[in-house]
Amino acid sequence: MSNEIKDTPGSASPESPRTDVPPIKWEREVLEKLVFATIKEQRANRRWSIFYKIVMLLLVFFAIASYFEVDLLGGEGEVGRHTALIEIEGDIETEGSGAASVVIPALNKAFSDDGSVAVVLHINSPGGSPVQAGMIVDEIRRLRQGYPEKPLYVVVDEICASGGYYIASAADKIFVNKASIIGSIGVLMDGFGFTGAMEKLGVERRLLTAGANKGFMDPFSPQSEKQKQHAQEMLNEIHQQFIEVVRAGRGKRLQETPETFSGSFWTGARAIDMGLADELGSVDSVARDVVKAEDIIDYTQHEGLPERVLKKFGAAVGQGAVKAAVATGVPVIR
């Protein structure tokens with residue numbers, strides 16, 4: 001018997017590939033899909049890259065425009081006869097609408113515009129820094145001398161107390177709502193003392209100073225009578241400055257009583273009787289009936305885009321914490 005193996009139809013030699021089987025179609029389709037998906041993804045990435053670049057350019061453009069106070073709508077510049085409005089909302093402090101650095105430039109623009117007939121300060125503030133309020137009052141006095149034909153009116157919203165009233169008293173007239181809160185002509189300095197709690201907890205305060213009063217108002221050290229007296233004298237001095245501003249601004253209209261400068265506050269209706277305010281009115285009614293210029297133009301210096309972006313991402317949180325930490329023991333007219 002012969003050992004030779006013969007090829008039979010349909011059999012293939014292990015050494016040579018088969019030539020009678022057609023190529024696998026699904027492999028080609030998968031490769032094509034992968035290629036097209038890659039191309040599609042690359043195109044999408046390019047589009048998003050272009051989009052992000054455009055957005056960044058716009059952000060930079062608006063930031064620059066905001067920094068240089070460019071009016072992109074073409075509304076900048078002098079307009080027709082109108083009432084100039086400046087808003088003061090919240091605490092009178094180094095930041096925000098009550099800051100001198102914000103209010104003073106707005107006042108200058110409002111007074112210098114040939115189209116403004118009068119300036120209206122719309123105040124809704126519980127008080128704040130006597131320094132910031134004093135700087136604003138000084139600028140109001142200067143501008144009123146430079147533009148004697150332009151009156152400055154204050155319109156009170158919910159509250160105009162302490163530092164807010166400090167500013168309001170420099171106006172030609174103060175308009176209120178009958179339920180507005182007016183007054184609080186006083187000064188305070190607050191803080192906390194933890195010496196008793198520290199003793200109970202067995203905590204020792206280790207404070208080294210160069211200067212006998214350098215640890216003044218330290219909440220972890222006992223307050224001496226000498227330091228307390230010094231703080232009171234300083235508060236009394238600032239209070240007297242406040243009183244003089246009110247007397248100078250209100251003049252003979254002020255119906256002064258022992259309660260006037262006690263730090264108390266009253267409704268708008270009662271404030272009119274006391275001479276702390278003049279009449280009932282709103283921004284619209286003053287513009288319409290007093291100024292006789294119903295068109296109102298807002299000169300308030302608002303936050304620009306860079307500030308809003310920074311605050312959105314939390315920059316203001318750390319800034320506020322630092323400010324709160326260093327502000328302890330600072331006199332406040334509130």
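Heads up: numbering here begins at 1 and tracks the sequence.
- The backbone N or O of E93 sits nowhere less than 3.5 Å from a side-chain atom of S129 that would complete a donor-acceptor pair.
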Requested in this report: Apply side-chain contact (heavy atoms from CB on, under 4.5 Å) to Q240 and N236, showing your working.
Outcome: CA-CA 6 Å; Q240 190 59 41; N236 291 340; over 6 Å; no
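- Annotation: ring pair (Phe, Tyr, Trp, His ring centres under 6.0 Å) contacts of F261 (sequence neighbours excluded): none.
- When all heavy atoms of G164 and I92 are compared, the pair lying nearest together is N-CG1, 4.1 Å.
- Going from atom CD1 of I136 over to atom CG of L107 covers 7.5 Å, rounded to the nearest 0.5 Å.
- In the model, E89 has a side-chain atom that pairs as donor or acceptor with a side-chain atom of N124 under 3.5 Å.
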**Report entry** Verdict with supporting geometry, L254 and L276, side-chain contact (heavy atoms from CB on, under 4.5 Å)
**Finding:** CA-CA 6 Å; L254 185 64; L276 294 172; 3.6 Å; yes
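- At least one donor-acceptor pair closer than 3.5 Å links the side chain of S125 to the backbone N or O of G90.
- Side chain of R81 to main chain of K292: a donor-acceptor pair is present (N/O by atom type, distance under 3.5 Å, no hydrogens or angles).
- Hydrophobic clustering, with ILVMFWY side chains joined whenever heavy atoms are under 4.5 angstrom apart, keeps I88 apart from V102.
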Query - Verdict with supporting geometry, E139 and N108, side-chain hydrogen bond (donor to acceptor under 3.5 Å, both in side chains) - result: CA-CA 9 Å; E139 186 65 12; N108 278 273; 3.0 Å; yes
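- Taking each heavy atom of V103 and S97 in turn, the nearest pair found is CG2-O, 3.1 Å.
- Residues D91 and P126 form a side-chain contact, since some pair of their non-hydrogen atoms from C-beta on lies under 4.5 Å apart.
- Qualifying side-chain contact (heavy atoms from CB on, under 4.5 Å) partners for R270, counting only residues two or more places apart in sequence or in other chains: W266, T267, D273, M274.
- Across every non-hydrogen atom of I182 and A271, the tightest pair is CB-CB, 3.7 Å.
- Hydrophobic clustering places I174 together with I86 (ILVMFWY residues linked when any side-chain heavy atoms are closer than 4.5 Å, directly or through intermediates).
- Atoms CG and CD, on D289 and E279 in that order, are 10.0 Å from each other to the nearest 0.5 Å.
- For the residue pair D298 / T300, a side-chain donor-acceptor distance below 3.5 Å is found, with atom types taken as modelled.
- Closest heavy-atom contact between V137 and A170: CG1-CB, 4.0 Å.
- A 4.5 Å side-chain heavy-atom check between I297 and D113 finds every atom pair outside the cut-off.
- Without hydrogens or angle criteria, H239 side chain to I185 main chain gives a donor-acceptor distance under 3.5 Å.
- The salt bridge (charged side-chain N to carboxylate O under 4.0 Å, His left out) analysis of residues 225-242, with sequence neighbours excluded, yields no pairs.
- Atom CG of D138 is separated from atom CD1 of I104 by 8.0 Å, given to the nearest 0.5 angstrom.
- A pairwise comparison of heavy atoms in D172 and P151 identifies OD2-CA, 3.4 Å as the closest pair.
- Between S116 atom OG and D295 atom CG the span is 13.0 Å, to the nearest 0.5 Å.
- Summarising the geometry of G275 relative to R250, their closest heavy-atom pair is O-NE, 2.8 Å, with the distance given to 0.1 Å.
- Residue L280 is not grouped with residue I159 when hydrophobic side chains (ILVMFWY) are merged at heavy-atom distances under 4.5 angstrom, including chains of intermediate members.
- Considering only residues two or more places apart in sequence or on other chains, S169 meets the side-chain contact (heavy atoms from CB on, under 4.5 Å) condition with Y165, V245, V246.
- Expressed to the nearest 0.5 Å, how far OG of S162 lies from CD1 of I167 amounts to 11.5 Å.
- Residue pairs satisfying the salt bridge (charged side-chain N to carboxylate O under 4.0 Å, His left out) criterion with at least one member in residues 252-261, sequence neighbours excluded, are listed as follows: R247-E256, R253-D278.
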Report task. Apply side-chain contact (heavy atoms from CB on, under 4.5 Å) to K109 and Q301, showing your working. Result -> CA-CA 10 Å; K109 285 186 177 182; Q301 299 270 328; 3.8 Å; yes
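- Looking only at distances, a side-chain donor or acceptor of S180 sits under 3.5 Å from a matching main-chain atom of D157.
- The closest donor-acceptor contact from the side chain of K150 to the backbone of F111 lies under 3.5 Å.
- For F265, the CZ atom sits in a loose shell: 12 or fewer heavy atoms of surrounding residues, nucleotides or ligands are nearer than 6.0 Å.
- Interatomic distance, CZ of R141 versus CZ of R144, reported as 9.0 Å (0.5 Å rounding).
- Members clustered with I296: L85, V117, V120, Y153, V155, F175, V283, V286, V290, V291, by chain and number, using a 4.5 Å side-chain heavy-atom cutoff among hydrophobic residues.
- Hydrophobic cluster membership is shared by Y166 and L152, with clusters built from Ile, Leu, Val, Met, Phe, Trp and Tyr side chains linked at under 4.5 angstrom.
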